[in-house]
Amino acid sequence: MTDISSILHQDQEEEKARCEWDFHLSTIISSCNSLSGSGCDTIGVLEFDPCGNFLASGGIARKIRIYAVKSLLQEREEGEKRTSTGAPLALDHGNACDFFMCTPAKLGSLKWKPGLGGRVLGSGDYDGVVMEYDLEKKMPVFERDEHGGRRVWSIDYCHSDPVLGASGSDDGTMQMWDPRCGDNGKCLAMVQPTKEYSTPVCCVEFNPFKGPIVAVGCADRRVYAYDMRKMVDPLFILDGHQKAVTYIRFIDERTIISSSIDGCLKMWNAEDQKVLRTYKGHNNSRRFVGLSIWKPGGLICCGSESNQVFVYDKRWGEPIWVYGREPIGLTGIEHGFVSSVCWQQKDENQCTLVAGDSDGVLRVFNGKRR
């Protein structure tokens, strides 16, 4: 029989977690396209550089935009001084971003290359091409087209050897490559997790904490983890979602967070492949809505097809903070959705969260521990 006192204690602790964080919207960045709601500037991916000084965005508009975070925060502080109502500062993409680079195709993924001071940014696009851009020269320096023209959903870099990259694609494969090998980044290893039939690989993530481990999330509802030194068979398989796995994040060396279009996030113990916790509240049944972990504070964020931003404390399955009102639907009316989120990794008592939506609007939130 369940101990009632333990349930009450857990409820009290969860309520404490809800109360100990104060989030507020500080800056809104939009453009004229945002007003039309056409979705022509949908932001599919947001990435802070490893030092948290720059933010990169990409998506449907075939542009990589680079924002200096310090500049945005300074403008926000000045705006708050000027605005007696405390309303968020409104900026235009053209004025807010430091610069942008046009890309040959729509972007499915962006990832900063580790160890180079935020100079090189990798991308995967809808034409199946992986590219790397030198941001000082503002030009591509590497191109790889080995996915047969099928959309690349995700790329990542190995933390122990940052030159080594991996990409996951609609062609059903995850490929590891190294630009130093010539042949447009020779394929060092390739896996097709569902060998009997080709199922899209939606996400790829190297373990940044421990060991030569790379994890792959697939449309067959599973997460596959491989030892990079021997990628014939997976080390383990995480099986528990009801639909395609869209994102994977390592929260520590033995714990994985996965997201799926079954409307759930799951936290797994990688050692015994058991589900530790399931997070519910957001609406996700068919789109990529983003997933980001703020490791110093133990917070998880995702978007929603209800056009809301959800923040979870890793200790509890219910959200501790939700931004935005769920739209009142009318038959036949298509609503916008939050399509990407990203935490700036800073200290344990304050944080910056950025969310992008299907109308091309960026919202910057500041969070402080009370």
Visitor: Could you report the tightest heavy-atom contact between M174 and V204, atom names first, then the distance?
Guide: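 For M174 and V204, the tightest heavy-atom pair comes out as CG-CG2, 3.6 Å.
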Visitor: When rounded to the nearest 0.5 angstrom, what is the spacing between CH2 in W153 and SG in C202?
Guide: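 So the CH2 of W153 and the SG of C202 are separated by 7.0 Å.
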Visitor: Say whether, by atom type as modelled, one donor and one acceptor occur between the side chain of Y279 and the main chain of K314 under 3.5 angstrom.
Guide: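 Such a contact is found between Y279 side chain and K314 backbone.
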Visitor: If hydrophobic clusters are built from ILVMFWY residues whose side chains come within less than 4.5 Å, do F23 and V309 share one?
Guide: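 Linked, F23 and V309 end up in one cluster.
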Visitor: Any side-chain heavy atom of I256 sitting closer than 4.5 Å to one from I251?
Guide: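 Not in contact.
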Visitor: Which residues pass the side chain to side chain contact (heavy atoms under 4.5 Å, CB included) test with N207, sequence neighbours left out?
Guide: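 Checked N207 against side chain to side chain contact (heavy atoms under 4.5 Å, CB included); matches are F209, I213, F250.
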Visitor: Between S339 and G356 (side chain of the first, backbone of the second, donor and acceptor by atom type, cut-off under 3.5 Å), is there such a pair?
Guide: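 Between the backbone of G356 and the side chain of S339 there is a qualifying donor-acceptor contact (under 3.5 Å).
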Visitor: Can you list the residues that meet the side chain to side chain contact (heavy atoms under 4.5 Å, CB included) rule with K113, with sequence neighbours excluded?
Guide: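 Checked K113 against side chain to side chain contact (heavy atoms under 4.5 Å, CB included); matches are L116, V120, E132, Y157, V163, P179.
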Visitor: Rounded at 0.5 Å granularity, tell me how far CG in D359 sits from OG in S30.
Guide: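 Going from CG on D359 over to OG on S30, the span is 10.0 Å.
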Visitor: Roughly how far, to the nearest 0.5 Å, is the CG atom of L135 from the CZ atom of F54?
Guide: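 Separation between the atoms: 8.5 Å.
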Visitor: Are any of the side-chain heavy atoms of L188 and C181 separated by less than 4.5 Å?
Guide: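 Yes, their side chains come closer than 4.5 Å.
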Visitor: Between R150 (side chain) and D171 (backbone), is there a donor-acceptor pair under 3.5 Å?
Guide: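 Not confirmed, R150 side chain does not pair with D171 backbone.
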Visitor: Is there a path from M101 to V45 through hydrophobic residues (I, L, V, M, F, W, Y) whose side chains come within less than 4.5 Å of each other?
Guide: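 In one cluster: yes.
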Visitor: Go through it in stages, so that I can follow the logic: the residues are I261 and R287, the test is side-chain contact (heavy atoms from CB on, under 4.5 Å), and I'd like the CA-CA distance, side-chain angles, deciding distance and then a yes or no.
Guide: CA-CA 7 Å; I261 56 172; R287 304 180 187 275; over 6 Å; no
Visitor: Of all residues at least two apart in sequence or in a different chain, which pass the side-chain hydrogen bond (donor to acceptor under 3.5 Å, both in side chains) check with D357?
Guide: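 Partners of D357 under the side-chain hydrogen bond (donor to acceptor under 3.5 Å, both in side chains) test: R363.
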Visitor: Hey, does W177 have a side-chain heavy atom less than 4.5 Å from the side chain of C187?
Guide: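 C187 vs W177: side chains apart.
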Visitor: Which one of R277, E318, H282 satisfies the side-chain hydrogen bond (donor to acceptor under 3.5 Å, both in side chains) criterion with Y312?
Guide: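 Exactly one candidate clears the test, H282.
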Visitor: May I have all residue pairs that pass ring-ring contact (aromatic ring centres under 6.0 Å, His included) and include part of residues 341-369, sequence neighbours excluded?
Guide: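 The answer is W294-W343, W321-F365, Y323-F365.
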Visitor: Between the main-chain N or O of S306 and the side-chain N or O of S304, is there a donor-acceptor pair closer than 3.5 Å?
Guide: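 Side chain of S304 to backbone of S306: a pair is present.
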Visitor: Can you list the residues that meet the side-chain hydrogen bond (donor to acceptor under 3.5 Å, both in side chains) rule with Y247, with sequence neighbours excluded?
Guide: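 Not a single residue meets the side-chain hydrogen bond (donor to acceptor under 3.5 Å, both in side chains) criterion with Y247.
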Visitor: Scan T352, D49, N53 and name whichever one has a side-chain hydrogen bond (donor to acceptor under 3.5 Å, both in side chains) with Q344.
Guide: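 For Q344, the side-chain hydrogen bond (donor to acceptor under 3.5 Å, both in side chains) test succeeds with only one of T352, D49, N53, which is T352.
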Visitor: Applying a strict under-4.5 Å side-chain criterion to I, L, V, M, F, W and Y, I'd like to know whether V201 and L164 cluster together.
Guide: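 The answer is yes; both residues are in one hydrophobic cluster.
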Visitor: For residues 99-138, which residue pairs pass the ring-ring contact (aromatic ring centres under 6.0 Å, His included) check, not counting sequence neighbours?
Guide: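 Counting only pairs at least two positions apart or across chains, no ring-ring contact (aromatic ring centres under 6.0 Å, His included) contact touches residues 99-138.
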Visitor: Pair D41, R65 - check salt bridge (charged side-chain N to carboxylate O under 4.0 Å, His left out), show working.
Guide: CA-CA 12 Å; D41 201 10; R65 294 186 175 108; 3.5 Å; yes
Visitor: Does the side chain of E305 come within less than 4.5 Å of V289's, by heavy atoms?
Guide: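 A side-chain contact exists here, since the closest heavy-atom pair is under 4.5 Å.
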Visitor: Return the set of residues passing side-chain hydrogen bond (donor to acceptor under 3.5 Å, both in side chains) with E271 (not counting sequence neighbours), or none when no residue passes.
Guide: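 Residues passing side-chain hydrogen bond (donor to acceptor under 3.5 Å, both in side chains) with E271: R254.
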Visitor: Are M131 and P104 side-chain neighbours, meaning at least one heavy-atom pair lies under 4.5 Å?
Guide: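 They are in contact (side-chain heavy atoms under 4.5 Å apart), so the answer is yes.
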Visitor: Is there a donor-acceptor pair closer than 3.5 Å between any side-chain N or O of T42 and the backbone N or O of G44?
Guide: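 Absent.
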Visitor: My understanding is that only residues two or more places apart in sequence, or in another chain, count here; which of them pass salt bridge (charged side-chain N to carboxylate O under 4.0 Å, His left out) with K137?
Guide: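 Once residues adjacent in sequence are excluded, K137 has no partner under the salt bridge (charged side-chain N to carboxylate O under 4.0 Å, His left out) criterion.
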Visitor: Taking all heavy atoms of E47 and all of C342, pick out the closest pair and write down the distance.
Guide: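 Looking at all heavy atoms of both residues, the closest pair is CA-SG, 3.9 Å.
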Visitor: Which ILVMFWY residues can you reach from M190 by hopping between side chains whose heavy atoms are under 4.5 Å apart?
Guide: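 Other cluster members: none.
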Visitor: Any side-chain heavy atom of R249 sitting closer than 4.5 Å to one from S292?
Guide: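 Side chain of R249 against side chain of S292, heavy atoms only: no contact under 4.5 Å found.
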Visitor: When you check the gap from the basic side-chain N to the acidic O, do D239 and R221 get nearer than 4.0 Å?
Guide: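 So D239 does not pair with R221 through a salt bridge.
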Visitor: Heavy atoms only: give me the nearest V216-P193 pair and the separation to one decimal.
Guide: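 Minimum heavy-atom separation between V216 and P193: CG1-CG, 4.1 Å.
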Visitor: For residues V141 and L110: do they belong to one hydrophobic cluster (side chain heavy atoms under 4.5 Å, members Ile, Leu, Val, Met, Phe, Trp, Tyr)?
Guide: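 Different clusters: V141 never reaches L110 through Ile, Leu, Val, Met, Phe, Trp or Tyr contacts under 4.5 Å.
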Visitor: Rounded to the nearest 0.5 Å, how far apart are CZ of R222 and OG1 of T194?
Guide: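 Reported to 0.5 Å precision, the distance equals 9.0 Å.
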Visitor: Please evaluate residues V214 and D156 with respect to the criterion side-chain contact (heavy atoms from CB on, under 4.5 Å), reporting the C-alpha separation (whole Å), side-chain torsions for both, the decisive distance (0.1 Å), and the verdict.
Guide: CA-CA 9 Å; V214 59; D156 196 22; over 6 Å; no
Visitor: With side-chain contact (heavy atoms from CB on, under 4.5 Å) as the test, pick out the partner of S259 among I248, L265, V245.
Guide: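 The single option meeting the side-chain contact (heavy atoms from CB on, under 4.5 Å) with S259 is L265.
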Visitor: Can you tell me if T199 uses its side chain to pair, donor with acceptor, with the backbone of A219 under 3.5 Å?
Guide: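 Not confirmed, T199 side chain does not pair with A219 backbone.
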Visitor: Output, in order, the C-alpha distance, side-chain angles, deciding distance and verdict of side-chain contact (heavy atoms from CB on, under 4.5 Å) for K274 and W268.
Guide: CA-CA 6 Å; K274 301 295 185 182; W268 306 81; over 6 Å; no
Visitor: Quick check on the hydrophobic clustering: are I29 and I66 connected, directly or via other members, by side-chain heavy-atom contacts under 4.5 Å?
Guide: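 No; I66 is not reachable from I29 via cluster members.
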Visitor: Determine yes or no for a side-chain-to-main-chain donor-acceptor pair under 3.5 angstrom, with Q273 supplying the side chain and F236 the backbone.
Guide: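 It does not hold such a pair.
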Visitor: Please check if the side chain of S340 supplies one atom and the backbone of I43 the other of a donor-acceptor pair under 3.5 Å.
Guide: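 Between the backbone of I43 and the side chain of S340 there is no qualifying donor-acceptor contact (under 3.5 Å).
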Visitor: Would you mind reporting whether V354 and F48 have side-chain heavy atoms less than 4.5 Å apart?
Guide: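 Touching, per the 4.5 Å side-chain cut-off.
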Visitor: Would C301 and V311 count as a side-chain contact (heavy atoms from CB on, under 4.5 Å) here? Give the steps.
Guide: CA-CA 4 Å; C301 183; V311 173; 4.2 Å; yes
Visitor: Tell me, please, which residues at least two apart from F206 pass ring-ring contact (aromatic ring centres under 6.0 Å, His included).
Guide: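 F206 satisfies ring-ring contact (aromatic ring centres under 6.0 Å, His included) with no other residue.
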Visitor: Run the salt-bridge test on R180 and D161 with the 4.0 Å N-O cut-off and return the result as yes or no.
Guide: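 A salt bridge links R180 with D161.
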Visitor: Going from CE on M231 to OH on Y226, what distance comes out if it is rounded to the nearest 0.5 angstrom?
Guide: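 Rounded to the nearest 0.5 Å, the CE-OH separation comes out at 7.0 Å.
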Visitor: Taking side chain to side chain contact (heavy atoms under 4.5 Å, CB included) as the test, write out the residues that go with D227, two or more places apart.
Guide: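 If we apply the side chain to side chain contact (heavy atoms under 4.5 Å, CB included) test to D227, skipping adjacent residues, the hits are P212, R229, L235.
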Visitor: Between NZ of K266 and CD1 of I257, what distance do you get to the nearest 0.5 Å?
Guide: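 So the gap between those two atoms works out to 11.0 Å.
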Visitor: Run the side-chain hydrogen bond (donor to acceptor under 3.5 Å, both in side chains) test against D262 and tell me which residues pass, sequence neighbours left out.
Guide: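 D262 satisfies side-chain hydrogen bond (donor to acceptor under 3.5 Å, both in side chains) with H241, S260 only.
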Visitor: Return yes if some donor-acceptor pair links the side-chain N/O of T255 with the main-chain N/O of N269 below 3.5 Å, else return no.
Guide: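 Checked: no pair found.
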